[in-house]
Every structure is written in structure tokens, then in C-alpha cells.
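First comes the structure, then the notes that go with it.
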Amino acid sequence: MVRLRTYDERSVVYHRQGRIGTYAIFWGHEALQAGAVHALEPEDWVFPSYRESAIGLLRGMPAATLFAWWRGHPEGWWDPREWRIASIAVPVGSHVPHAAGMAWGLKLRGEPSCVLAFFGDGATSTGAFHEGMTFAAAKQVPAVFVCNNNSWAISTPTVAQSGVERLVDKAVGYGMEGVRIDGSDPIAVRDAVRDAATRARAGGGPQFIEAVTFRAAPHATADDPSRYMDPAQVRAARERECIGRFESRLSQLGVLDDQAISGIGDEALAEMEGGIEAAESLPEPNPRQIFDTTYALPPRALRRDRDSAVEALRWR
Amino acid sequence: MVRLRTYDERSVVYHRQGRIGTYAIFWGHEALQAGAVHALEPEDWVFPSYRESAIGLLRGMPAATLFAWWRGHPEGWWDPREWRIASIAVPVGSHVPHAAGMAWGLKLRGEPSCVLAFFGDGATSTGAFHEGMTFAAAKQVPAVFVCNNNSWAISTPTVAQSGVERLVDKAVGYGMEGVRIDGSDPIAVRDAVRDAATRARAGGGPQFIEAVTFRAAPHATADDPSRYMDPAQVRAARERECIGRFESRLSQLGVLDDQAISGIGDEALAEMEGGIEAAESLPEPNPRQIFDTTYALPPRALRRDRDSAVEALRWR
Amino acid sequence: MAVMTLVQAVNDGLRQEMARDEAVMVLGEDVGRLGGVFRATDGLLDEFGPDRCVDTPLAEAGIVGTAIGLALAGWRPICEMQYEAFSYPALDQVLSHLSRYRWRSGGAIEMPVVIRMPYGGGVRAPELHEDSPEAFYAHAPGIKVATPSSPADAKGLIAAAVRDPDPVVVLEPKALYRASAEPVPDGEHFVELGRAVVTRHGTDATLISYGAMLPVAAAAAERLSERGEAEVEVLDLRTLTPLDEEAVLDSVAKTGRAVIVHEAPRTAGFGAEVAALLAERGILDLRAPVRRVTGFDVPYPYWSLEDSYIPSADRVVEALEEVLRF
Amino acid sequence: MAVMTLVQAVNDGLRQEMARDEAVMVLGEDVGRLGGVFRATDGLLDEFGPDRCVDTPLAEAGIVGTAIGLALAGWRPICEMQYEAFSYPALDQVLSHLSRYRWRSGGAIEMPVVIRMPYGGGVRAPELHEDSPEAFYAHAPGIKVATPSSPADAKGLIAAAVRDPDPVVVLEPKALYRASAEPVPDGEHFVELGRAVVTRHGTDATLISYGAMLPVAAAAAERLSERGEAEVEVLDLRTLTPLDEEAVLDSVAKTGRAVIVHEAPRTAGFGAEVAALLAERGILDLRAPVRRVTGFDVPYPYWSLEDSYIPSADRVVEALEEVLRF
Ligand SMILES: Cc1ncc(C[n+]2csc(CCOP(=O)(O)OP(=O)(O)O)c2C)c(N)n1
Ligand SMILES: Cc1ncc(C[n+]2csc(CCOP(=O)(O)OP(=O)(O)O)c2C)c(N)n1
Ligand SMILES: [Mg+2]
Ligand SMILES: [Mg+2]
């Protein structure tokens with residue numbers, strides 16, 4: 001959680017410093033992301049949206065890769081099979097069918113693992129979400145659909161999406177089990193995901209989890225929430241934020257002390273500083289890359305374009 | 001109902017005789033269609049799918065127009081505003097957003113009418129259905145969504161769509177009221193639609209009606225249900241069919257006698273015979289029509305194409 | 001060689017590939033027990049079981065979207081779209097994901113997904129059962145597009161599409177599904193993507209076409225030959241992307257004249273790409289303006305008028321005569 | 001004349017049309033309180049109220065689909081797609097319904113729906129925020145496509161699109177949204193659809209382009225002029241459909257040479273249509289092969305590489321020099 005938080009906070013700073021591009025902030029969603037991924041087995045797949053861009057950290061992906069993504073550098077893309085983490089889905093909701101398909105594929109192969117997809121409240125309005133959920137339900141695939149209901153889709157509040165207050169109600173229409181949990185409580189998240197994943201792997205079919213959080217930050221670095229958010233509400237949410245809450249709980253339990261906390265923080269900071277530096281010292285991407293990854297068997301015309309482009313213009 | 005039945009049965013015959021093209025049979029769905037439209041006011045809008053192709057009969061549209069549609073003749077298309085019946089939607093589910101938009105438009109204008117959309121069980125799997133329902137719920141529009149759950153989407157049974165047995169459960173996910181009724185009972189249909197429409201017009205928002213029927217006929221004239229349907233189930237459904245049931249109910253009540261029944265039947269038959277003959281005696285469509293209806297302000301190139309095509313080839 | 005119709009050849013190709021490779025599976029609306037509305041998947045359920053020949057919910061974006069997930073899981077899915085216009089709900093998945101997943105993973109992930117669909121008109125159907133959407137797919141980098149016009153090519157291109165590591169859209173001319181039965185090679189048969197074929201040799205002009213329009217092109221060429229007016233070469237592109245540019249340029253270098261025929265509307269249709277190729281790289285060989293004979297820039301009409309819309313041999317002959325006059 | 005940026009001019013055009021006609025309404029994701037992610041709809045909520053400037057659910061097919069219903073009910077909806085690639089989920093509604101409703105009702109029903117969206121790259125954004133989808137819309141009969149390249153044209157084409165009785169897609173070059181501020185006519189301002197404009201006169205070659213590529217075209221023309229190599233005419237198409245064929249043909253008749261520039265991938269891109277027009281009707285005027293300078297046939301790349309993808313003045317100059325050598 002702290003590593004995610006540090007990554008996120010540093011990203012906002014790095015963006016301001018011009019070291020990364022537009023960045024989608026996930027401050028306050030760390031408990032959800034960490035709780036969910038910790039509940040999975042390493043063989044389970046994760047399908048993130050842009051809001052979970054750093055989810056790879058939880059499986060040991062180097063921070064440099066993630067910063068490279070936000071730097072628009074080809075090294076920011078990974079091999080999904082290596083980490084069992086699908087590519088970040090930029091179009092909202094559009095990866096829900098991919099998660100359903102992957103889970104279906106695992107089931108057909110008899111593999112005993114499951115798939116978890118993250119998406120937002122806004123995503124539940126998309127046709128892609130609906131068709132993905134529909135397939136998952138029809139084929140009873142081992143998937144866990146985690147909806148991060150953070151109250152906002154950019155400037156649009158959740159209730160304006162479909163008039164439903166509790167997004168978990170959407171599960172009913174697919175004949176799926178649904179639970180609604182506090183997405184700021186990492187233990188609640190871990191337990192709910194663990195239950196759902198266990199059941200999914202055992203052939204119990206897909207499940208829907210509505211994790212209630214609050215986006216107490218701009219949608220992304222380019223956003224201006226003062227136009228639509230109540231500052232008091234944001235302040236209140238920031239006071240209830242997940243990491244502070246969890247730290248004091250662990251401190252009360254005696255599991256964590258101030259020294260440990262600051263040690264974890266320092267370590268995370270060092271990791272991110274190292275990550276951004278590594279990302280920045282990546283070699284300039286080679287424009288040939290533009291041509292070489294789209295097709296396994298590229299059309300001749302594309303190879304010709306590549307050769308003439310590379311030679312004729314030396315890529316000024 | 002009898003007029004719809006006659007239209008439908010004659011259409012199958014006319015198709016066999018080569019007088020109309022492929023035809024989507026609605027045998028057994030007459031109670032639903034008639035019950036629903038009779039519950040509406042003339043100002044209310046209807047959005048049919050191909051399965052309700054003859055819905056216009058209930059508002060006085062000439063049978064010739066409908067036969068012309070299935071003859072692929074331009075006269076088969078009507079002005080939706082004249083009948084307050086939208087054009088037949090061929091892509092499954094795709095008209096649900098149109099119905100939502102129309103209802104929203106009426107609401108914004110302060111018009112006191114509502115919109116009814118017909119679609120099938122298969123349609124509930126489409127993204128378009130979901131997005132239309134989502135909009136209708138979010139904007140609390142005066143719309144009644146009537147799902148004809150006839151157990152089949154071509155060869156696919158309803159339960160294979162999303163694992164849900166009761167499609168009315170889908171309403172929950174949109175925060176909509178939903179009811180499940182016997183779609184073969186015209187009185188039950190009329191009552192349910194009247195309630196929903198009354199509430200919608202009064203600002204009570206949209207409603208979802210699952211009307212349970214059974215498609216005891218091929219999907220369309222080109223279909224071969226022996227590949228996927230159990231003949232016993234079909235026979236049973238044909239015995240329970242809506243018109244016979246309603247006729248005996250009315251006869252028992254003394255409202256209808258055999259003479260009246262055969263009178264209604266004869267009248268309907270005459271109407272359809274007249275309709276197909278009128279459709280057949282429509283003048284050959286003019287190929288200029290191809291060019292003249294797409295744009296209000298057609299591009300110059302299209303006008304040039306029209307003129308050269310019409311002249312050069314005399315449309316052999 | 002067995003004699004079969006185009007749709008039977010599609011079926012044969014699918015069966016061959018499913019037998020060859022256990023990762024190949026078919027999914028779509030009504031492809032199982034019904035065998036597809038055109039019977040292209042007839043018998044596959046019985047032969048390969050319900051895990052590999054799957055009836056899906058009525059949701060085209062779901063079909064292509066789950067196929068992407070299935071491919072990530074190591075399957076080679078073949079998606080059937082029941083009719084071409086019902087592939088439009090899946091365009092988002094094709095344009096946003098299917099075409100980009102390999103690129104997006106730095107080349108790590110293959111997307112051996114096939115999307116096959118009947119396309120084109122001439123079958124007296126209600127609207128949206130007769131579109132020709134090839135230009136949409138041809139303009140999607142990362143996607144390949146095949147358009148067989150004969151039973152043998154249908155089988156061979158299906159095989160090539162299934163084996164290709166990149167996603168391929170196969171547009172099957174539904175008007176030709178049962179138009180004639182022709183010999184099709186038994187057993188393994190494979191037609192390389194990106195190779196056009198000259199189906200009639202000629203010296204005076206080149207007719208460039210694909211898919212459903214081949215019989216029209218052939219009839220027009222035949223007519224001019226019978227009349228002694230000209231010997232027209234007919235080139236069947238077979239795949240639109242990759243386009244066999246050399247075949248187009250070579251033929252036009254020989255004949256000096258080109259007429260392009262397709263059923264889709266003209267503006268920004270695939271014929272424009274062929275004409276552009278000639279304007280860029282064949283212009284010194286051209287002895288006459290290029291002509292396109294296509295559907296008009298309107299929706300595919302009510303079927304009582306479709307014969308006036310679909311390019312006819314008459315219209316092709318007229319265009320040929322025009323370019324031959326130069 | 002007020003001086004404003006392109007996105008401010010869009011805003012001005014929308015405000016003008018909403019004030020002129022009470023049936024005009026704006027709907028889209030975050031167009032209300034936020035004023036749109038680019039602020040194109042800034043202030044419209046306050047001025048026209050929540051019934052006419054509406055935040056919608058996150059569902060693009062729902063936006064366009066309800067707009068069709070709203071138009072049937074007598075409204076003139078303007079739909080905002082937040083970014084062009086997020087219009088792909090709405091393609092089905094555009095291709096299956098919006099473009100066909102008038103035809104389908106025998107001409108009875110008008111569909112005065114506008115779909116406007118920022119398009120194109122060069123803004124250092126994550127993937128799918130920089131596509132150039134114009135060819136998809138240009139190949140949809142029944143749809144018109146406008147692509148302003150200046151603030152004044154943005155205002156005028158928005159006005160024309162809103163008043164047009166047919167559906168119009170307006171592609172606004174997001175890279176130019178704030179690139180410069182220019183004078184824009186106060187009050188009512190209207191640029192007729194289907195009229196290209198010569199933005200630079202020349203005699204030696206014609207650069208044909210639109211939207212985001214105009215500054216690149218202008219820079220290339222300027223460079224050749226400065227070097228004394230050639231005087232290049234620059235033609236801004238402004239609307240792709242209807243295409244101003246006469247403007248293209250007239251200019252090329254004068255210069256004898258044509259280079260077409262767009263950012264979208266080449267294959268089956270809109271440049272092919274322009275090249276095809278020249279191959280069909282301008283060939284006798286051409287003194288050199290046509291050249292297209294376009295994006296490559298790959299997905300729009302990671303942004304660290306985008307400058308190598310977007311056609312540059314260098315690439316345009318190179319193409320011009322090539323055709324000028326003939
Ligand atoms: C299909 C699509 N439409 C629009 C967008 C632009 N967009 C990016 S994020 C966003 C809001 C998403 O809200 P939600 O699903 O709640 O996720 P959150 O951002 O809150 O995590 C929008 C509209 C997009 N990425 N994809
Ligand atoms: C988007 C789309 N996909 C596929 C089809 C082909 N098709 C026509 S009817 C049908 C089944 C529809 O089933 P249902 O919604 O239950 O309606 P019913 O036919 O039973 O009235 C299918 C798949 C279509 N018309 N539209
Ligand atoms: Mg959200
Ligand atoms: Mg049904």
C-alpha cells in the first residue's frame with residue numbers, strides 16, 4: 001500500500017516536473033488494489049484499468065516500467081504473460097470482456113486459476129461491461145469483477161450513471177453473487193476477494209464486488225475538480241484515507257511502530273526515485289519500434305515504409 | 001389479435017408462394033403485441049423490433065404497407081411521426097437507446113406521453129440494450145420496456161444468454177421497477193402496460209416488463225427449428241396458444257360466439273388478401289429513390305451519380 | 001477433388017483447422033446446434049464438442065472481446081458474426097484492442113483471432129443484411145482482410161487466416177455461398193494471404209475486384225471478348241490487406257487501363273486505395289483514367305431495388321468501354 | 001473580430017447555435033459542470049440550463065442512440081465524444097441507424113444530429129487519445145464529415161453542422177485547440193459544408209490536406225518558397241464529405257502535381273479517396289505521380305515516438321520535391 005501511495009504521490013510530482021505525461025491519480029485506492037492482489041495466487045490473472053496502472057508493483061514489476069508507460073516509452077509495455085497482468089485498458093469498461101474471455105479460456109483448459117478485473121463506477125454504464133458480464137455469467141467462468149465505486153467518473157457522480165445507488169445491484173441482472181465492501185479497508189477487500197477467487201477457482205462461477213471508496217483527488221493531473229467537487233467532502237475523505245487508517249490500526253495492534261512506518265516509507269521513496277531515474281535513462285526509443293511490433297507477419301508495404309522512412313529522413 | 005394472427009399466417013403462406021421475402025414469424029405473440037398497444041394512448045410512441053413488424057395494423061396502418069416492407073419495396077417504410085411508430089429495428093437491441101431518447105425528448109418538452117419499446121430475450125445481452133436502459137434510468141424518462149421472453153433467440157435458449165432465468169431481474173441493475181407477466185394473456189399484458197405507462201406519464205420513470213411467451217414457430221421462414229427445438233414442447237405451446245385461450249375465455253363469458261369468431265376471422269382474411277394484392281400492385285419502385293431519400297441536402301457527387309446512372313443505363 | 005459450394009468449403013476449412021490444431025475453436029450466435037444460419041459451422045459441434053464450437057449470448061462486442069481474452073489464454077478463436085452489419089457493435093473491440101494488442105505488448109502477445117462473416121447483398125433480405133464493410137477493417141492497422149470469391153479460395157483463405165499469427169477478418173460473399181459448386185482440394189489446402197490471382201488473362205484492360213463481384217467482373221470481361229471488343233484481364237485481389245500491390249501494378253503495366261469493381265459505396269471504399277496505388281505508382285503505365293464501378297453513396301437499398309444498386313455487368317462494360325476509348 | 005483559440009471558437013459556435021435555436025442541445029460525458037475535458041462546452045450549462053447541456057452516463061452508444069431518439073422527438077442534439085477513439089463504441093449506432101434513418105423513413109425523418117470530437121495526436125497522451133478516424137465516418141453514406149483547421153472555420157463549421165438537416169461528424173484537431181489565437185467573426189458566422197479553401201496560392205504543386213495537418217502543410221509550402229524551389233498551393237478541404245471535388249481538380253489542373261497529407265494511417269485512409277478522384281478525373285492534368293504523406297499503417301504509437309509518426313514538414317517537403325522533379 002505504501003509503495004503504491006508513494007508511487008502515486010511521486011507521479012504527481014514527476015508530472016509537475018515534466019518527467020512524466022498526464023497521469024491518472026489513484027490516491028486513496030491503495031487498500032483496494034493491494035488488498036485485492038494480495039488475495040490472489042500468482043497464477044491468477046489481473047486485468048487493470050488506467051486507474052490501476054501501478055498494479056504490477058505488487059507482483060514485482062519494476063517501477064521503471066510503470067514510469068516508462070506514463071512517459072509514453074515503449075519499455076512501459078510488458079508481456080502480460082510474464083506477470084499475468086493484462087495491458088492497461090484505456091477505454092473504460094472495454095477490458096471486462098477480455099477478463100471474461102481469459103477466465104473462460106482457463107476454464108476450458110482446466111487450469112485451476114482465476115481472473116480479477118478492476119474497473120470503475122462509470123464503467124458499469126458501458127455496453128462492454130454488460131457484454132463481458134453477460135458472457136461471464138453465461139459461461140460461468142472463474143472471474144472476480146471488482147468495481148471501484150469511487151463516487152466519480154471524472155465530474156459525473158455515480159448516481160448520475162444509472163440512478164442506482166448501490167452498484168452491487170447490477171450483479172442481480174447477471175445472476176451473479178455480489179458483495180458490497182469498504183474498499184478502504186484492505187482486510188475487508190482481501191477477505192472478499194479471497195472468498196470470491198476461491199469459489200471461482202472451484203467452479204462456483206463469477207462474482208461481482210462493489211468496493212466503495214472515494215476519489216479524493218483529481219481524476220488525472222489535467223483535471224480541475226474544483227469545478228464539480230465539494231472541498232469539504234474531499235477534506236473529509238482525505239482524513240479517512242485508507243493508509244492512515246490501516247497504519248493506526250496496525251499500530252494499535254502493536255504490529256507496526258513509527259520507525260517501521262518511516263522505514264517502509266523511505267524504502268518506497270527510494271524505489272520510486274530509482275524507478276523514475278531508470279525510466280529516464282532508458283535509451284531514446286527507436287522509431288523502428290513503430291513498425292516492428294504491430295504484426296507478427298507484417299505486410300510488405302509496411303516493411304517498405306519502414307525502410308524508406310528510416311533511411312530517407314533519419315528521423316529528424 | 002386475430003388480425004395479427006391472420007397477417008402472420010398469411011405471411012408465411014405468401015412467403016411460400018414467393019410473394020414476400022424472408023419473414024419473421026410472430027405466431028403466438030399476438031396477445032402481447034395487441035395487449036400492449038391497446039393499453040397505450042394514441043400519442044404514445046412504439047418502438048418495434050422485426051418481431052413486431054405488423055404492429056402498425058393496431059393503429060390503422062394499411063396491411064399493404066407492411067407487406068411492402070417484406071417485399072423490400074420502398075412503400076413499406078412509413079413516416080414514424082404519422083403513426084408514432086418508429087421504423088422497424090433490425091439489429092437486435094439497437095433501438096432501446098432510441099426509445100430512451102425519444103422518451104427523454106418528450107419529457108424535456110413537457111409532453112404528457114410515453115414510449116414503449118419491444119425487444120426479445122436475446123436483446124437483453126446486447127450492449128445497446130444496456131446503454132439504453134442506463135440512460136432511461138439515469139434520466140428517469142417516461143418509457144416502458146417490454147421484453148418478449150419467448151424462450152429463444154433463434155436457436156439459443158434464454159438461459160444461455162446470461163444464466164438468468166427471470167429476465168425481470170435485469171431491472172434491478174437499473175434501479176427500475178420490473179414485473180413479470182404472462183405474455184399470452186392479453187388482459188394481463190394490457191393491465192401491466194397501462195400501469196407502467198400511467199406511471200411513466202406521471203413522472204414515475206421507466207419500467208421493465210418481462211412478458212413470458214414461447215416461440216412455437218420457426219424464428220423466420222428460413223429457419224429450421226427441428227435442429228434445436230423439442231417438438232413436444234412446441235406442440236404443448238401451440239395448444240396453449242394465446243388466441244384460442246382468449247377466445248374460449250370470452251366465449252365462456254358470453255362475449256363471443258362462434259359466429260362472431262368466424263366473422264372476425266373472415267374480415268381479417270379479407271383485409272390481408274386485400275393488403276397483399278395492394279402491395280403487389282404498387283408500381284415498380286423507381287431507382288431514383290435510391291438516391292433521393294438519404295440526404296436532405298445530398299452531396300453534388302451523389303446527384304451526379306444519380307443523373308448519370310439513370311440516363312446511361314436506363315436501369316436495365 | 002470434392003465438388004462443393006462456397007459455404008461448404010468454409011465448413012471444410014474450419015473442420016480441417018479444428019482437426020489440425022486443438023487450440024482452434026469456433027464461437028458465435030447459433031453456430032452450435034443450428035450450425036449457423038448459413039450452416040457454415042454445420043457438424044462442428046458434434047465433431048469437436050461444445051467447448052470448441054460454442055453458442056454465445058447475443059452480443060458481438062462480447063464475442064470479439066472474449067475472443068481477445070481467449071487468445072491471451074492460448075486459444076485460437078474463430079468468431080462468426082451472423083451478418084456483416086451485426087459486426088458493427090464489435091468494431092470498438094476490433095479497433096481499440098484486437099488490432100493493437102500485439103503492438104501494445106511490445107510484440108509479446110499474438111492475437112490469432114479470426115472474425116468471419118457473410119457479407120454483401122443480392123439475397124433479397126431485409127436491411128442491414130447486405131452491407132459490404134471491408135473498408136472499415138482494411139483501415140485498421142494490425143488487421144488483415146481476406147475476401148474469397150470461390151469455394152477453393154474460401155477453404156484456403158480460412159486455413160491461412162486461422163494459421164496466421166495476426167488477426168484476420170474473412171468476408172465471405174453470401175450471394176456466392178450456394179451460387180455454384182466447384183472442385184475444392186481435398187485435405188490440407190492453404191492460400192497465402194497477400195496474393196492476388198489472375199482469373200482471366202487479357203491485354204487491353206485490367207478489372208480489379210474481389211469477393212462477391214468476381215462473377216460480375218468475369219461476365220463483363222466475357223462480354224467484351226465475345227463481342228471482339230477487348231481482352232480484359234481479371235484480377236481477384238483475394239486479400240485486401242495485405243494488398244498484393246505488385247499484382248495490381250504488373251497487370252496495369254501490361255494493359256495500361258484499370259477498372260475497379262466493388263459493391264460497397266464508392267467514397268472512401270477500398271477501391272479508392274487501389275486507385276490511389278495506381279495514382280502513386282502506376283501512373284506512368286496508365287493510358288486512360290482509372291474508373292471505379294461501385295455501390296452508390298447511399299445505404300444499401302430495399303431489396304426490390306438492389307439490382308439497381310449492385311454493380312452490374314452492364315455498368316462494368318460501360319466503364320471498360322470508356323477507358324478503352326482512350 | 002474577437003481573437004480566440006480553436007476550442008474557444010468551438011465554444012462560441014455552440015453558444016451561438018444554442019442561443020439561435022431552442023431545439024439545440026448538447027450532451028456528452030462531463031460537458032456540464034466541468035465544461036468538457038477541453039472546456040469546449042464551458043459555460044453552456046449556466047447559460048442554457050441542465051436540460052440543454054447534459055452530462056450523460058459513460059456510454060457512447062447510449063449518447064448517439066438517445067440522440068437519434070431526441071432527434072425523432074424534434075431536438076437537434078450535439079453529441080460530444082470525449083476523445084475520438086471513444087467514439088468507436090458508437091460506430092454501430094452511426095452506421096446502422098444515424099446514417100440511415102432518413103432513408104429508412106422514405107425521407108420523412110430528418111436527423112439533424114451533430115457528433116463532435118477532438119481528434120488526432122501530438123498531445124503527449126496515453127494510447128487511444130490520438131486517433132484520426134475520419135475515414136470510418138467518410139465511408140458512411142448519409143453522414144457528412146467536417147474537419148476545421150482554424151478558429152474561424154471551427155466556429156463556422158460548427159454552425160453549419162448544427163443547421164444542416166443531415167447528421168454531421170465534426171472532427172476537431174485537438175493539437176490545434178490552443179495552438180494559436182486568431183480572429184474569429186463576431187456574431188453569426190457560417191462556413192458552408194462542402195467548400196474547400198485555398199489557404200496559400202501557388203502554381204507548382206498542390207498540397208491537399210485538412211484539420212490538424214494544415215500547419216504542417218503550410219510549413220512545408222513556406223519552406224519550398226523560402227528556398228525558391230517552388231510555389232506550392234495549399235488546399236484545406238474543410239469538409240471531407242461532401243468533398244469539394246472541383247476545388248481539388250481545379251487546383252491540380254493548374255499545378256499538375258498533388259501531394260495529400262493526413263495523420264491517419266495510409267491504407268484506405270481518406271487520402272486514398274482524393275488520390276482516386278485524381279486518378280479518375282484529374283489524370284490528364286497530372287504531370288507527376290500523386291503522393292500521400294500520412295501516418296503509417298500501425299496503431300498510433302506511444303507518445304515518445306509520436307513525432308516520428310505524425311507527418312512532418314520534412315516528410316511533406318521530401319514528397320513535394322519528388323513530385324516536382326517530374
Ligand atoms: C469508452 C471511454 N469513454 C470515455 C473515456 C474517457 N474517460 C476516461 S476515465 C473516465 C471516467 C471513468 O470513470 P470510472 O469508470 O468511474 O473510473 P475512475 O476513473 O473513477 O477510476 C472517462 C469518461 C474513456 N477512457 N473510455
Ligand atoms: C445485433 C444483431 N446481432 C445478430 C442479429 C441476427 N439475429 C436476428 S434475430 C436474432 C435473435 C433475436 O432473439 P430475441 O432477442 O430473443 O428476439 P426474438 O427473435 O426471439 O423475437 C438474431 C441473433 C441481429 N439482427 N442483430
Ligand atoms: Mg469512478
Ligand atoms: Mg426471443
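Order of the sequence lines fixes the chain letters, A, B, ..., with proteins taken first and strands second; residue numbering starts at 1 for each chain. The shown structure was predicted, so the numbers you read here are calculated from the model rather than taken from an experiment.
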Exercise. Return yes when atom CD of A:E284 has more than 12 non-hydrogen atoms of other residues, nucleotides or ligands closer than 6.0 Å, and no otherwise.
Key: no

Quiz prompt | Pair A:R227 + D:D30: basic N to acidic O under 4.0 Å | solution = no

Exercise. Would you sort out whether D:Y302 and A:W77 count as a ring pair (Phe, Tyr, Trp, His ring centres under 6.0 Å), showing the intermediate values?
Key: CA-CA 10 Å; D:Y302 325 97; A:W77 298 102; 5.8 Å; yes

Practice problem: Anything in residues 46-58 of chain D with a heavy-atom distance to chain A below 4.5 Å? Please list those residues in order. | Solution: D:T56, D:P57, D:L58

Quiz prompt | Flag side-chain contact, heavy atom, 4.5 Å: D:R266 against A:D305 | solution = yes

Practice problem: Name the region of D:P89, side chain, backbone, both or neither, that has any atom closer than 4.5 Å to a heavy atom of chain A. | Solution: neither

Quiz item: Could you state the interatomic distance from CD1 (A:I290) to CZ (D:F296), rounded to the nearest 0.5 Å?
Solution: 7.0 Å

Self-check item: From D:L128 atom CG to A:Y50 atom OH, the distance as rounded to the nearest 0.5 Å
Solution: 13.0 Å

Practice problem: Any chance you could measure A:S308, atom OG, to D:R315, atom CZ, to the nearest 0.5 Å? | Solution: 8.5 Å

Practice problem: Report yes if the side chains of A:I154 and D:E29 come closer than 4.5 Å at any heavy-atom pair, otherwise no. | Solution: no

Self-check item: Closest heavy-atom pair and its distance - D:A59, A:S125
Solution: CB-O, 3.5 Å

Exercise. Could you please state which residues from residues 16-26 of chain A sit under 4.5 angstrom from chain D, measuring non-hydrogen atom to non-hydrogen atom, sorted by number, or 'none'?
Key: A:G21, A:T22

Self-check item: Under 4.5 Å from a heavy atom of chain A, the part of D:Q82 involved
Solution: side chain

Quiz item: Is it the side chain or the backbone of D:V123 that comes within 4.5 Å of chain A heavy atoms, both, or neither?
Solution: neither

Exercise. Would you mind telling me which of A:G72, A:P298, A:G93 has the largest number of heavy-atom pairs within less than 4.5 Å of chain D?
Key: A:G72

Quiz item: Is there a side-chain contact between D:D297 and A:P299 (heavy atoms, below 4.5 Å)?
Solution: no

Quiz item: What part of A:Y295 gets closer than 4.5 Å to chain D, counting heavy atoms only: side chain, backbone, both or neither?
Solution: side chain

Self-check item: Listed partners of D:F270 passing ring pair (Phe, Tyr, Trp, His ring centres under 6.0 Å), at least two apart
Solution: none

Practice problem: Go through the atoms of A:T156 and report whether side chain, backbone, both or neither lie under 4.5 Å from a heavy atom of chain D. | Solution: both

Quiz prompt | D:L34 versus chain A, the contacting section by heavy-atom distance below 4.5 Å | solution = both

Self-check item: A:P91 to D:F86 - nearest heavy-atom pair and separation
Solution: CA-CE2, 3.9 Å

Practice problem: Mind listing the closest non-hydrogen atom pair of A:V90 and D:H129 along with its distance? | Solution: CG1-CE1, 3.4 Å

Quiz item: Roughly how far, to the nearest 0.5 Å, is CD of A:Q289 from OG of D:S308?
Solution: 11.0 Å

Quiz item: Would one find more than 12 heavy atoms of other residues, nucleotides or ligands at under 6.0 Å from atom CD of A:E165?
Solution: no

Self-check item: Closest approach of D:R33 to A:S155 (non-hydrogen atoms, all atoms of both residues)
Solution: NH2-O, 4.5 Å

Practice problem: With a 4.5 angstrom heavy-atom cut-off, could you sort out which part of A:W70 is near chain D: side chain, backbone, both or neither? | Solution: both

Quiz prompt | Heavy-atom pair with the smallest gap, counting every atom of A:T294 and D:P299 | solution = OG1-CD, 3.2 Å

Self-check item: Positions in residues 209-226 of chain A that reach chain D, provided some heavy atom is under 4.5 Å away
Solution: A:D223, A:D224

